[in-house]
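Residue numbers run from 1 in the order of the sequence given.
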Amino acid sequence: MNLAKLLGPDCTVCAVPGSSKKNVLEQISKIASKRVSSLTEKDLLGSLISREKLSSTGIGNGIAIPHGRIANTERVIAVLLTTEHPIEFDAIDNKPVDIFFSLFVPEDHCQEHLQTLSSIAQFFSDKDTCKKVRRCQTSDQLYQLISAQ
């Protein structure tokens, strides 16, 4: 799967200040809310927080894939965000996180949801790719990197 097809330049944000897990999830929700008029930032944040209550989406090596299911849309929404400094995110390896690829999937797209999560995890399993992501200085550089993969 080409991850750039899920993202747009408006949903790819580099080096944001992040003070906490909740703060980053709020920022992701704010960015995503611009893509779907039928849902509010609060709706999107609630979806992410509900999923995080089940278990952390921090997959290790400084990467998290916060995701949630959403109603009232047929569109997948993705946000790629990096933070200036890694933040505590309850990742499985107990290391802080600085790369967040977030996904909002319509409630009735379970199979697509699982395939997309797998593609994201596979993409970020490459350490060289992660190093390149972390070296990006601007949102445009980050989007171009993802587009080129």
Spacing of [X] atom [atom1] and [Y] atom [atom2] [to the nearest 0.5 Å]:
X	Y	atom1	atom2	result
R51	S102	CZ	OG	11.5 Å
H67	E52	NE2	CD	8.0 Å
F101	C11	CZ	SG	9.5 Å
L44	S29	CG	OG	5.5 Å
R75	L39	CZ	CG	11.5 Å
S125	I120	OG	CD1	12.5 Å

Expected output: side-chain [X] to main-chain [Y] donor-acceptor under 3.5 Å:
X	Y	value
S47	R69	yes
Q144	S139	no
Q122	S118	no
T83	A15	no

Show the nearest heavy-atom pair for residues [X] and [Y], with the distance to one decimal.
X	Y	answer
C136	L145	SG-CD2, 4.0 Å
G60	A91	N-CB, 4.3 Å
I31	V13	CD1-CG2, 3.5 Å
P66	I28	CG-CD1, 4.2 Å

Between F89 and F100, does the ring centroid distance fall short of 6.0 Å? yes
Quick one: does I99's side chain get under 4.5 Å of L80's, heavy atoms only? yes
Flag the pair I146 / F123 as yes when at least one side-chain heavy-atom distance between them is below 4.5 Å, and no otherwise. yes
Is any NZ, NE, NH1 or NH2 atom of the basic residue among E26 and K30 found under 4.0 Å from an Asp or Glu carboxylate oxygen of the other? no
Return the set of residues passing salt bridge (Lys or Arg N to Asp or Glu O under 4.0 Å) with D90 (not counting sequence neighbours), or none when no residue passes. K21
Test log, rule side chain to side chain contact (heavy atoms under 4.5 Å, CB included), inputs N23 and I87: CA-CA 10 Å; N23 176 258; I87 62 159; over 6 Å; no
I63 and V97: side chain to side chain contact (heavy atoms under 4.5 Å, CB included), yes or no, with the steps? CA-CA 5 Å; I63 301 158; V97 173; 5.5 Å; no
Mark yes when over 12 heavy atoms from residues, nucleotides or ligands other than E84 sit less than 6.0 Å from its CD; otherwise mark no. yes
Can you list the steps and then say if T82 with R134 is a side chain to side chain contact (heavy atoms under 4.5 Å, CB included)? CA-CA 8 Å; T82 62; R134 289 184 172 107; over 6 Å; no
Salt bridge (charged side-chain N to carboxylate O under 4.0 Å, His left out): which pairs involve residues 36-48, sequence neighbours left out? none
Can you list every pair that meets salt bridge (charged side-chain N to carboxylate O under 4.0 Å, His left out) and has a residue in residues 3-16, with sequence neighbours left out? D10-R35
Pair V76, L103 - check side chain to side chain contact (heavy atoms under 4.5 Å, CB included), show working. CA-CA 7 Å; V76 174; L103 198 62; 3.6 Å; yes
